[in-house]
Amino acid sequence: MESTDQRTDMPPQYEPKATQERWSAFWLDRKLFHSEPSSREPYCIVLPPPNVTGALHAGHAFQQSLQDFIIRRARMQGREALWLPGTDHAGIATQVVVERELAKEGLDRREMGREAFLERVWQWKDRYGDRIVQQMQALGNSCDWDRLRFTMDEGLSQAVRVAFVRMYDDGLIYRGERIINWCPRDRTALSDSEVEHEEVDGELVTFRYELTDGGGHVDVATTRVETMLGDTGVAVHPSDERYSSIVGRTVRHPFDGRDLPVVADEAVDPAFGTGAVKVTPAHDPNDFEIAERTGLPRLNVLNADATVAAGAPEEFRGLDRYEARTRVTEALRDRGLIVHEERPFRHSVGHCYRCHSEIEPWLSGKQWFVAVDRLKQPAIEAAEDGRIVFHPERWKHAYLEWLRGLRDWNISRQLWWGHRIPVWYCANGHEFAAVEDPASCAECGIGDLDQDPDVLDTWFSSQLWPYSTLGWPDETPDLDFFYPTTVLVTGYEILYLWVARMIMSGMYLVGDVPFRNVLIHGLVRDAQGRKMSKSLGNVIDPLDMIEEYGADALRFALARMAGPEQQNLPLSREGIEAARNFANKVWNASRQVFGSYRPGGGAPELPDRTEWSLAERWTLSRHQACLEEVDAAMDAYRFDEASQALYRFAWTEFCDWGLEAEKSRRASGEPGERHDASRVVAWVLERTLRLLHPFMPYVAEDIWQRFGAGESVVVAPWPEGHADHHDDDAEEAFGFVRELVANVRQIRGIVGPGEYRLVVGDGLAEELDPLREAVERLAGSSLVAMGDAEPEGRFVRLSVRGREARLQIPGEFDPSQAIALRRKRLAETTTKLEGSEQKLENDRFLSRAAPEAVEKERAKREDLSREAGVLHDQITLLESLGA
RNA sequence: GGGCGCGUAGCUCAGCGGGAGAGCGCUCGCCUCACACGCGAGAGGUCGAUGGUUCAAAUCCAUCCGCGCCCACCA
């Protein structure tokens with residue numbers, strides 16, 4: 001037999017760093033993560049592409065770990081498992097980063113011009129685009145790196161154009177002049193989903209419009225006084241009798257003398273404020289619609305940077321919007337038109353999801369929109385009839401509600417970095433969309449063409465991700481084989497921004513759902529549930545954690561908190577450390593096993609059933625239970641449960657009892673016998689490593705390789721269960737042993753070291769005989785049968801599961817001495833306890849102590865009280881031993 | 001305004017109709033020949049409050065209190 005000692009190169013502590021480097025290289029070298037269409041069952045996950053210029057954070061680490069757990073298991077289960085990675089160009093985010101870089105050099109993109117600027121962005125991308133990919137690899141992600149894609153690479157850009165043109169020609173994309181969400185800082189339009197609403201403490205100002213004919217006035221309230229510069233009317237409810245006499249008349253604008261009609265419209269709530277509302281069509285979506293219905297004109301009084309524009313009276317031009325607010329209020333006050341000064345008013349204001357500036361509802365000129373009415377119906381049905389399943393299911397309802405209320409999607413951005421809108425305008429006023437850059441007008445043939453200057457919303461390309469990465473619009477073998485993908489793993493924060501749109505576009509462009517399952521997870525927070533932020537100083541950098549504790553530890557810690565119902569996922573250094581300790585535990589269990597087991601060719605094989613000891617039967621039974629739990633949990637995407645089951649089995653069952661019980665058997669005997677005695681634990685270990693591999697691939701691989709059972713645990717078969725390993729008798733019998741041992745240990749802990757003898761009746765002795773060595777080792781006592789006779793000396797009666805035993809304690813033991821010691825300590829504790837109580841009492845009467853100090857004192861009293869209880873119990877036990 | 005989630009051991013959470021659990025932290029004893037990133041033994045909870053359904057409720061229902069999130073064209 002080949003007899004190399006697998007343990008000689010296993011140090012007492014697992015060393016993650018070298019292990020990770022070694023096996024990463026090995027996996028990539030062998031292309032174990034590469035996948036092609038085959039006769040196997042397809043299993044595909046597309047990675048939600050992180051920002052190409054971003055850095056890997058704890059949220060990425062978590063989300064990607066979940067995907068890796070899934071795909072590694074699927075691969076072992078014999079599926080053709082593809083995890084397709086990539087990065088996103090992230091329009092605004094990237095453009096802003098590069099603009100900031102340029103600003104350091106004193107450069108401005110508008111001065112550089114579009115082409116030069118884009119060149120700089122590409123340089124940036126080439127320089128930093130690999131960084132996040134390398135970071136993803138450091139996690140141990142088993143992505144098919146040969147298929148790495150980027151939303152602006154050639155193929156995906158082509159997909160964007162085809163999608164656009166198809167939707168344009170089908171009337172689903174149109175250009176229109178509507179109120180949009182404008183970010184004055186990024187100077188671009190945003191979709192509704194990119195606006196975050198926040199409650200803000202504002203002020204409600206009521207001011208007065210005098211009727212032009214001098215016959216009275218009407219008061220209106222607003223939180224945005226400055227927009228009154230753009231008012232073109234006043235609206236009241238049609239059935240509001242207070243105002244019926246002034247409908248149709250006009251009021252005079254105090255600053256520029258314009259006459260503003262008073263109109264009637266259903267949208268006005270008569271119960272709010274004065275029941276009359278100023279109408280600013282160019283700066284408020286509601287007002288825009290009122291103006292549409294009533295024919296009021298639109299007057300734009302803001303520039304793109306939210307300063308007051310030329311359409312406004314001269315005295316306010318050029319002012320910033322907030323400054324204008326103050327100045328307009330002052331001007332109104334000067335004219336005696338303020339009815340109520342500012343009243344505190346809490347209302348919700350939109351903010352840019354990127355830069356957090358206040359969003360300006362603005363009439364920016366023509367923008368491009370996707371009409372959603374025809375797109376959303378199939379997307380609704382796909383979720384309703386279960387072609388797409390949400391995990392947890394409650395997100396389905398959120399998704400459906402959002403879709404039902406969805407309005408047209410603004411997709412044009414006034415940026416340069418992104419997919420330029422493939423629409424051209426000719427000198428004759430024709431407009432057309434084209435996949436390839438045209439040389440002449442599609443309608444009149446003249447060559448004088450201008451391409452639309454805007455680029456598409458980043459999410460327009462992202463929504464194509466599940467199929468554009470597989471080759472769409474071409475009907476590639478990949479697309480045919482892997483689409484629809486199996487499961488999408490993502491956070492709830494982009495359910496609308498991204499997930500819903502992938503479903504809508506996938507249904508429309510490809511004709512089928514983009515994925516069959518959607519796994520929605522929570523957000524990674526710190527141990528106190530707070531968001532990780534630099535200002536709080538609570539950021540856990542996954543790369544630091546990998547450096548310090550190893551990738552396996554980080555992954556396992558992430559797995560353990562992956563409960564699906566949580567919105568917050570607390571990640572702490574302590575949790576990662578605990579996972580690191582677990583990896584080390586597995587490592588050392590292997591050292592133990594390889595101390596006697598000598599791998600032959602192939603995986604360990606179980607000896608014949610008749611040769612299993614009780615401890616082995618119990619271990620195999622527990623292992624089978626563990627396997628079933630892991631399978632059920634992973635099928636339900638419950639990685640917290642799966643990792644918990646593995647932790648419990650590997651540590652508290654396999655190591656603490658399974659391995660310990662076998663130690664004595666292996667300690668004695670010849671080398672050959674030792675090997676035989678290890679076959680069961682070796683078999684269990686090898687299979688446990690396979691179960692552990694999706695979570696802790698590096699340590700699993702490093703140990704697994706020592707069995708010489710195959711190329712790599714990455715492609716080893718996922719363990720099949722052995723239902724016949726369930727062994728209720730062994731569970732019962734060994735459970736009894738565990739309890740008996742625990743009882744003995746408890747007494748030994750109190751009495752102290754020495755020679756103990758566990759004395760049992762003949763019947764029980766016979767039952768325990770096969771376990772004699774294990775029991776003696778675990779309990780630290782020799783086992784003797786004495787029939788019904790009383791043992792000599794001092795002993796404690798034990799009653800475990802209805803069976804009686806007596807533990808004879810060391811002859812030299814002197815209870816009175818032990819009791820005296822305990823009594824002394826009890827007296828000390830009691831004194832301290834009384835002191836503590838006295839102190840609390842004094843503090844209560846004098847109420848002078850700081851609350852924190854009182855709390856601390858209370859905790860101290862609690863501790864002392866508990867200690868006294870424990871000592872008391874010990875004294876009682878010792879006294880029962882008789883003096 | 002509409003919807004959703006959460007309140008269980010000091011901390012973070014699992015359990016969701018019949019035994020109150022895990023990790024970390026804490027106390028005590030141990031460098032026991034795989035592991036001190038360890039071993040053994042402990043302490044610690046009226047499962048947010050009230051009422052109801054049930055033979056039985058942390059677990060189901062109702063109300064309330066306290067956190068948090070999402071959606072919404074609240075001037």
Side-chain angles (χ1 to χ4, degrees), chain A residues 7 10-14 179 192-193 196-197 204-206 220-224 227 235 267-269 272-280 284-290 345-348 350 361 392 394-395 397-398 401-402 405 407 492-493 495-496 522-523 525-529 549 553 557 560-561 563 565-575 577-595 638 640-641 644 647-648 652 655-656 659-660 663 667 741-742 745-750 752-753 777-778 780 825 859 862-863 865-867 869-871 873-874:
Chain A
R7 217 178 103 191
M10 293 182 82
Q13 284 188 354
Y14 171 58
I179 287 265
D192 296 341
S193 298
E196 292 174 349
H197 291 272
L204 192 66
V205 172
T206 307
V220 294
T222 179
T223 53
R224 303 200 51 201
T227 62
V268 180
D269 175 6
F272 186 91
T274 62
V277 59
K278 61 193 272 303
V279 182
T280 322
D284 183 284
N286 269 326
D287 294 2
F288 181 84
E289 283 173 21
I290 292 175
F345 187 76
R346 201 165 168 75
H347 63 132
S348 144
R394 64 191 160 86
W395 289 109
H397 307 293
E401 280 310 300
W402 181 82
R407 298 189 303 167
Y492 62 81
E493 78 280 5
L495 178 61
Y496 310 127
L523 260 35
R525 302 295 176 99
D526 75 1
Q528 280 79 50
Y549 299 109
R560 296 195 72 178
M561 66 188 202
E565 296 296 334
Q566 290 162 256
Q567 281 189 158
N568 296 336
L569 305 159
L571 178 65
S572 66
R573 178 177 283 270
E574 289 71 27
E577 196 175 313
R580 185 271 315 262
N581 295 349
F582 178 58
N584 192 239
K585 188 70 180 177
V586 174
W587 176 256
N588 272 291
S590 312
R591 294 179 73 218
Q592 165 73 11
V593 170
F594 284 119
R638 289 298 303 266
D640 54 335
E641 287 182 351
Q644 178 65 29
Y647 188 96
R648 189 209 64 227
T652 66
C655 287
D656 288 353
L659 278 181
E660 289 296 333
K663 266 184 181 171
V741 166
R745 282 171 172 172
Q746 184 180 18
I747 291 155
R748 285 180 56 104
I750 294 166
R777 179 185 173 80
L778 292 166
R825 277 169 53 187
E862 285 296 303
D863 282 348
S865 164
R866 287 167 195 157
E867 203 178 321
V870 172
L871 285 166
D873 290 350
Q874 291 186 355

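Note on naming: letters A, B, ... go to the chains in the order of the sequence lines (proteins, then strands), and numbering restarts at 1 for each one.
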For [N] versus [M], give the span between their [atom1] atoms, rounded off to a whole number of Å.
| N | M | atom1 | result |
| --- | --- | --- | --- |
| B:A9 | B:C47 | P | 10 Å |
| B:G19 | B:G66 | C1' | 31 Å |
| B:A49 | B:C67 | C1' | 15 Å |
| B:A20 | B:U27 | P | 28 Å |
| B:U53 | B:G18 | C1' | 16 Å |
| B:C13 | B:G68 | P | 14 Å |
| B:A62 | B:C4 | P | 12 Å |
| B:G45 | B:G10 | C1' | 11 Å |

Nucleotide nearest [X] (side chain, heavy atoms from C-beta), chosen from [options]:
| X | options | answer |
| --- | --- | --- |
| A:Gln746 | B:A34, B:G40, B:G42 | B:G42 |
| A:Tyr492 | B:A34, B:A14, B:C69 | B:C69 |
| A:Pro12 | B:A41, B:A34, B:C35 | B:C35 |
| A:Ser348 | B:C37, B:C74, B:A34 | B:C74 |
| A:Asp656 | B:C4, B:C37, B:C39 | B:C39 |
| A:Glu641 | B:G15, B:C73, B:A41 | B:G15 |
| A:His197 | B:A43, B:A72, B:A34 | B:A72 |
| A:Asn584 | B:C37, B:G38, B:A41 | B:C37 |

Indicate the atoms forming the closest heavy-atom contact of [X] with [Y], along with that distance.
| X | Y | value |
| --- | --- | --- |
| A:Asn588 | A:Pro12 | ND2-O, 3.0 Å |
| A:Ala579 | A:Ala553 | CB-O, 3.2 Å |
| A:Gln13 | A:Asn584 | CA-ND2, 3.3 Å |
| A:Leu495 | A:Ala398 | CD2-CB, 4.4 Å |

Tell me the interatomic distance from [X], atom [atom1], to [N], atom [atom2], rounded to whole angstroms.
| X | N | atom1 | atom2 | value |
| --- | --- | --- | --- | --- |
| A:Glu401 | B:A72 | CD | C1' | 12 Å |
| A:His347 | B:G1 | NE2 | C1' | 16 Å |
| A:Arg745 | B:A41 | CZ | C1' | 9 Å |
| A:Gln13 | B:A34 | CD | C1' | 12 Å |
| A:Tyr14 | B:A36 | OH | P | 17 Å |
| A:Asp192 | B:C70 | CG | C1' | 15 Å |
| A:Leu495 | B:C71 | CG | P | 10 Å |
| A:Leu659 | B:G40 | CG | P | 12 Å |

5' priority, RNA chain B, between A:Asn588 and A:Val870 [closest heavy atom] | A:Asn588
Walking RNA chain B from its 5' end, the first of A:Ser193 and A:Thr223 to be reached, judged by nearest nucleotide, is A:Ser193
Between A:Arg825 and B:G29, is there a side-chain N or O to OP1/OP2 distance below 4.0 Å?
-> no
Using only heavy-atom distances, decide whether a donor-acceptor pair under 3.5 angstrom links the side-chain of A:Arg580 to the base of B:C37.
-> yes
Check if the side chain of A:Glu660 and the base of B:A34 share a donor-acceptor pair of N or O atoms closer than 3.5 Å.
-> yes
Base, sugar-phosphate, or nothing: which does [X] touch, judged by heavy atoms less than 4.0 Å apart?
| X | answer |
| --- | --- |
| A:Val220 | nothing |
| A:Tyr496 | sugar-phosphate |
| A:Ala221 | sugar-phosphate |

For RNA chain B, what dot-bracket results from Watson-Crick or G-U pairs at under 3.5 Å, with [ ] for crossers and | for inter-strand partners?
-> ((((((((.[[[[.).....]]]].(((((.......))))).....(((((.......))))))))))))....
Could you walk me through whether A:Lys278 and A:Thr227 pass the side chain to side chain contact (heavy atoms under 4.5 Å, CB included) test, one step at a time?
-> CA-CA 9 Å; A:Lys278 61 193 272 303; A:Thr227 62; 2.7 Å; yes
Hey, can you tell me if A:Tyr492 and A:Trp395 have their rings parallel, tilted or perpendicular (30° and 60° cut-offs)?
-> parallel
Mind telling me whether A:Trp402 and A:Tyr496 have parallel, tilted or perpendicular rings, with 30° and 60° as the class edges?
-> parallel
Table of protein N/O atoms under 3.5 Å from nucleotides 19-27 of chain B N/O atoms:
from	atom 1	to	atom 2	distance (Å)
B:A22	O2'	A:Gln644	NE2	3.2

Are the side chain of A:Trp587 and the backbone N or O of A:Met10 linked by a donor-acceptor pair below 3.5 Å?
-> no
If only atom types and distance count, is the side chain of A:Arg825 paired as donor or acceptor with the main-chain N or O of A:Leu871 below 3.5 Å?
-> no
Any side-chain heavy-atom pair from A:Leu778 and A:Arg745 closer than 4.5 angstrom?
-> yes
Side-chain heavy-atom pair A:Val277, A:Val220 within 4.5 angstrom cut-off = no
Pair A:Ile179-A:Asp284, side chain to side chain contact (heavy atoms under 4.5 Å, CB included): steps then yes or no | CA-CA 7 Å; A:Ile179 287 265; A:Asp284 183 284; 5.8 Å; no
